[in-house]
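A, B, ... follow the sequence lines: proteins, then strands. Residue 1 opens every chain.
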Amino acid sequence: MADRRYWLFKSEPTEYSFSDLLAEQDQTAEWDGIRNYQVRNMMRDEMKVGDGVLFYHSSAAPMAVIGTAQIVKEAYPDSTAWAPGDKHFDPKSTPDNPVWLMVDIQAGKTFSRPVTLQEIKAHPALQNMMLARRGMRLSIQPVAKEEWDELARLGG
DNA sequence: GCCAACGTTGGC
DNA sequence: GCCAACGTTGGC
């Protein structure tokens with residue numbers, strides 16, 4: 001796929017871990033709860049089936065990329081926005097006029113070792129990743145093909 | 001627990 | 001439309 005894009009998805013493993021994804025039926029999950037317009041727009045406008053995903057554990061020990069996944073369903077309305085009592089409930093979004101979107105991802109490879117944030121920051125070819133830069137808090141971030149290739153190599 | 005770096009909200 | 005106050009994220 002010539003125009004395949006690459007992404008990094010952050011998740012706190014105490015909320016949702018890569019192991020949780022592996023335990024899902026078909027190892028596939030809805031990536032719901034995104035409530036940031038910049039991330040929503042990337043999902044809506046740029047994310048395609050087949051795109052690569054680096055699965056990153058934040059606020060964890062270790063903070064690291066620990067596996068890959070791929071997009072298996074493109075952006076569609078996030079129904080948790082109008083689920084009463086849901087953690088991500090947002091009255092702005094309704095079934096008739098959905099504001100928030102989600103995608104589905106399926107687990108790919110489990111890395112043979114975690115590639116830590118520390119290592120990424122120290123790596124000449126990776127230290128320009130958004131993840132390694134100060135103040136870049138987007139929960140989904142674009143990744144360059146070269147970065148994807150190098151991380152996949154390091155994670156073996 | 002701290003706090004920098006954001007994004008969002010709401011008064012004006 | 002401006003911008004101060006507030007809330008959140010997430011590494012440290």
Distance, rounded to the nearest Å, where [X] contributes [atom1] and [N] contributes [atom2]:
| X | N | atom1 | atom2 | answer |
| --- | --- | --- | --- | --- |
| A/L138 | C/dG10 | CG | P | 9 Å |
| A/F9 | C/dT9 | CZ | P | 17 Å |
| A/I34 | C/dT8 | CD1 | P | 16 Å |
| A/L117 | C/dT9 | CG | P | 18 Å |
| A/Q118 | C/dC12 | CD | P | 8 Å |
| A/N36 | B/dA5 | CG | P | 18 Å |
| A/R133 | C/dG11 | CZ | P | 15 Å |
| A/M130 | C/dT9 | CE | P | 18 Å |

Let's see if you can work this out: which of [options] has an atom nearest to the side-chain heavy atoms of [X]?
| X | options | value |
| --- | --- | --- |
| A/K92 | B/dT9, B/dT8, C/dC12 | B/dT9 |
| A/Y37 | C/dC12, C/dG10, B/dT8 | B/dT8 |
| A/K121 | C/dG10, B/dG7, C/dG11 | C/dG11 |

Below 4.0 Å: OP1/OP2 of C/dG11 and any side-chain N or O of A/S59: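 Yes, A/S59 has a side-chain N/O under 4.0 Å of OP1/OP2 on C/dG11.
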Phosphate contact (C/dT9 OP1 or OP2) by A/K10 side-chain N/O below 4.0 Å: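 No, A/K10 has no side-chain N/O under 4.0 Å of OP1/OP2 on C/dT9.
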Note, A/Y37 side chain near A/V99 side chain (heavy atom, < 4.5 Å):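 Yes. Closest side-chain heavy atoms under 4.5 Å.
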Intermediate values then yes/no, side-chain contact (heavy atoms from CB on, under 4.5 Å), A/M47 and A/E74: CA-CA 7 Å; A/M47 236 174 251; A/E74 285 165 23; 5.8 Å; no
Matching residue for A/F9 among A/W31, A/Y56, A/F55 - test: ring-ring contact (aromatic ring centres under 6.0 Å, His included):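 Looking at A/W31, A/Y56, A/F55, the match for A/F9 under the ring-ring contact (aromatic ring centres under 6.0 Å, His included) is A/W31.
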Closest non-hydrogen atom pair between A/W7 and A/D51, with its separation: NE1-OD2, 3.0 Å
